[in-house]
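What follows is a short report on a single structure.
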Amino acid sequence: MSRVREAADAGLKVGATCAHPCGQRDLSERFLATLGMTMVEHNYDKKAVGSNGSPVCRLGSACYTLPPMPQPSRGVSDLVFLSAAELGESIRRKRVSPVEVVEAHLAQIDRLNPQLNAIVSLDREGALAAARRAELAVMRGDGLGPLHGVPVTIKSSIDSAGLRCEAGTRLRAGYVPAGDAPVVARLKAAGAIVLGNTNVPELLMAWETDNTLYGRTNNPWDLARTPGGSSGGEAAAIAAGCSVAGVGSDGGGSIRVPAHFSGICGLKPTPGRIPSTGHFPPSLGPFALLGVVGPMARTAHDLKILFEVMAGPDDGDVCAAPVPFRAVQEADLRRVRVGYFEDDGITPVTPETRAAVRAAAKALEQQGFNVQPFRPEGLEDMRHLWWTFFGRTGRLLLDPMLEGHESELTPILKEFIEVVAAEPPLTLERLLHTWLERDQCRTRLLMQMRQFPVLLCPVCSIPAFRHGERAWKVDGQSVGYLDAMRYAQWVNLTGNPAAVVPAGRSPEGLPIGVQIVGRPHEEEVILAIAEKIESALGGRQRPPSATATIDSRRSDAHLGR
């Protein structure tokens with residue numbers, strides 16, 4: 001009944017004459033169904049037609065062009081796999097209602113989330129209320145943002161008003177922020193509708209997603225495997241069609257590895273380009289050099305839309321820089337030289353990972369880009385310096401919070417603590433020298449990137465691994481957990497932006513992404529390159545579990561608690 005009252009407030013009465021001069025009496029049954037209403041009469045005025053010869057009718061100040069004949073509704077599975085750009089365009093053109101879109105995504109969540117355990121806090125009523133407001137804005141002809149009516153999710157380490165922001169730890173259980181982080185506020189201002197937030201490993205310290213608060217998240221490509229971490233719940237939700245896009249964070253591959261494991265796209269921006277304000281743990285001190293917040297989506301074009309919405313300085317971000325969004329001209333893009341490397345010369349990658357990097361390089365070469373083999377020097381030094389900041393300094397920063405609560409911690413976090421504890425204590429002198437060496441490494445890398453402003457390389461040694469695995473045989477060599485992730489870590493140390501797009505498959509059918517690294521504050525360039533690779537290699541594909549009934553052991557989703 002509330003939907004009927006809202007429509008009546010907008011000037012529509014079922015069975016009554018439309019206020020528009022067209023004389024049209026009723027809307028199509030299909031459109032009224034999206035409003036939760038029923039057709040009383042179906043009597044088009046054949047004299048009132050739009051530019052395509054179809055009847056037209058006006059709701060408030062918005063004119064709708066209706067099909068000459070009622071058409072079958074789009075299938076839910078199709079609707080939830082549209083991109084943000086496609087959905088936004090369909091909503092603006094009044095081909096689909098924001099309420100229909102949100103309801104379709106809620107149905108997908110109901111169907112898949114019990115097995116995936118990707119979304120841990122769902123605001124069903126809030127999302128539907130926001131969708132109704134978005135629908136009325138379309139009906140009134142209001143100005144619409146680039147993400148108007150598009151459902152998104154947020155990593156549960158980023159403040160979103162009314163949703164639990166627990167960062168996967170019992171030590172923050174029940175914490176609900178009163179306000180939105182700047183990135184969430186900016187998404188909402190652009191019209192996005194927040195469905196809920198997503199699962200993470202405890203305090204984000206892992207490349208897989210599991211914790212004692214909500215349990216394990218499964219990969220929609222294979223439930224026996226992880227979607228990665230720490231933005232693993234976000235990646236799984238987007239890949240499975242439970243969310244169109246969302247927000248993750250990345251201090252050592254936490255956006256890029258899940259994007260690679262789950263077959264979606266992700267962007268790790270330059271520190272300060274997108275504000276990390278409202279993230280826990282906060283990006284301060286050495287972590288401000290490493291940790292960033294960034295968009296995740298199924299297409300590179302959607303990453304670009306989200307990036308433009310989210311980017312901009314904020315006083316709460318210590319790295320904030322007033323760098324405006326800059327559109328990249330095609331002629332300028334073609335002059336960018338691209339270097340690529342298949343491995344770092346130390347840790348091997350799977351043959352299919354090599355093939356994916358070669359395929360991306362060839363795709364760019366065939367489109368006229370100057371692409372050459374090139375591996376920057378100093379990658380191993382960068383990796384060691386990154387670990388000092390992320391691992392050893394991270395342990396020092398977390399210790400006050402964890403002391404006395406060791407029995408409440410997730411095994412994965414305990415494992416991280418044990419690895420760090422085995423190393424010599426971090427001294428002030430070592431920390432200072434690490435900071436100085438980091439700056440020198442960054443300078444040397446940027447000097448090398450004068451020749452190749454864009455680099456293509458692996459995201460990880462392997463595709464998505466099975467839950468609990470810690471070592472793999474790759475090219476006859478044993479590769480451990482930390483080593484497998486080394487291809488993402490150096491980018492955090494130097495502060496370069498990096499995007500990931502799908503570019504291949506493993507023998508088991510698992511997705512494999514490639515990493516596109518650019519110079520600081522040149523996100524627009526790598527996103528444009530990412531779109532070129534995506535268009536040539538096919539881009540997004542639906543994981544099997546997203547289109548078929550999952551028959552597996554259920555895991556608690558803990559929704560609405």
Under 3.5 Å, is there a donor-acceptor pair between the [X] and [Y] side chains?
{"X": "Thr209", "Y": "Thr217", "result": "no"}
{"X": "Thr434", "Y": "Arg430", "result": "yes"}
{"X": "Asn218", "Y": "Asn117", "result": "no"}
{"X": "Glu166", "Y": "Ser156", "result": "no"}

Show your working on side chain to side chain donor-acceptor pair (under 3.5 Å) between Asn197 and Ser160 and close with a plain yes or no.
CA-CA 8 Å; Asn197 65 17; Ser160 185; over 6 Å; no
Between Leu187 and Val309, is a side chain to side chain contact (heavy atoms under 4.5 Å, CB included) present by the stated rule, with each step listed?
CA-CA 7 Å; Leu187 288 171; Val309 167; 4.1 Å; yes
Interatomic distance, [X] atom [atom1] to [Y] atom [atom2] [nearest 0.5 angstrom]:
{"X": "Cys265", "Y": "Ile255", "atom1": "SG", "atom2": "CD1", "value": "12.5 Å"}
{"X": "Met205", "Y": "Ile417", "atom1": "CE", "atom2": "CD1", "value": "9.5 Å"}
{"X": "Gln489", "Y": "Arg256", "atom1": "CD", "atom2": "CZ", "value": "9.0 Å"}

Could you please spell out the steps behind the side chain to side chain contact (heavy atoms under 4.5 Å, CB included) verdict for Ile274 and Val292?
CA-CA 7 Å; Ile274 294 175; Val292 295; over 6 Å; no
Residues Asn211, Thr169; criterion side chain to side chain contact (heavy atoms under 4.5 Å, CB included); working and verdict
CA-CA 7 Å; Asn211 58 64; Thr169 178; over 6 Å; no
Look at atom CD of Glu377 and say whether more than 12 heavy atoms of other residues, nucleotides or ligands are closer to it than 6.0 Å.
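Not buried by this count: 12 neighbours or fewer within 6.0 Å.
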Neighbour count above 12 (heavy atom, 6.0 Å) for Glu330 CD:
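Yes - once you tally the heavy atoms of other residues, nucleotides and ligands closer than 6.0 Å, there are more than 12.
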Taking the side chain as every heavy atom from C-beta outward, state whether [X] and [Y] have any pair of such atoms under 4.5 Å apart.
{"X": "Pro520", "Y": "Arg442", "result": "yes"}
{"X": "Pro295", "Y": "Met310", "result": "yes"}
{"X": "Ile119", "Y": "Leu195", "result": "no"}
{"X": "Pro286", "Y": "Trp435", "result": "yes"}
{"X": "Val247", "Y": "Val152", "result": "no"}

For Phe369, all residues meeting ring-ring contact (aromatic ring centres under 6.0 Å, His included), sequence neighbours excluded:
none
All salt bridge (Lys or Arg N to Asp or Glu O under 4.0 Å) counterparts of Arg298, not counting sequence neighbours:
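Salt bridge (Lys or Arg N to Asp or Glu O under 4.0 Å) list for Arg298, sorted by chain: empty.
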Is any NZ, NE, NH1 or NH2 atom of the basic residue among Arg383 and Asp483 found under 4.0 Å from an Asp or Glu carboxylate oxygen of the other?
yes
Under a 4.0 Å threshold between the charged nitrogen and the carboxylate oxygen, would Glu135 count as salt-bridged to Arg132?
no
Could you check Glu202 against Phe416 for side chain to side chain contact (heavy atoms under 4.5 Å, CB included), going step by step and ending with a plain yes or no?
CA-CA 11 Å; Glu202 185 167 16; Phe416 164 79; over 6 Å; no
Out of Val184, Ile154, Ile158, which one pairs with Val293 under the side-chain contact (heavy atoms from CB on, under 4.5 Å) rule?
Ile158
Using side chain to side chain donor-acceptor pair (under 3.5 Å), reason through Glu523 and Thr270 one step at a time and then give a plain yes or no.
CA-CA 8 Å; Glu523 284 83 355; Thr270 310; 2.7 Å; yes
Which pairs, with at least one residue in residues 278-294 and sequence neighbours excluded, count as a side chain to side chain donor-acceptor pair (under 3.5 Å)?
Ser157-His279, Ser249-His279
Taking the six-membered ring for Trp, are Phe287 and Phe390 parallel (under 30°), tilted (30 to 60°) or perpendicular (over 60°)?
tilted
Any idea how Tyr481 and Trp207 line up, ring-wise: parallel (<30°), tilted (30 to 60°), or perpendicular (>60°)?
perpendicular
Using the side chain to side chain contact (heavy atoms under 4.5 Å, CB included) criterion, which residues pair with Thr226? Sequence neighbours excluded.
Glu208, Phe261, Phe465, His467
Show me the pairs that pass salt bridge (charged side-chain N to carboxylate O under 4.0 Å, His left out) and involve residues 233-249, at least two apart or across chains.
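For residues 233-249: none.
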Residue pairs fulfilling salt bridge (charged side-chain N to carboxylate O under 4.0 Å, His left out) with at least one residue in residues 302-327, sequence neighbours excluded:
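Only Arg326-Glu524 qualify under salt bridge (charged side-chain N to carboxylate O under 4.0 Å, His left out).
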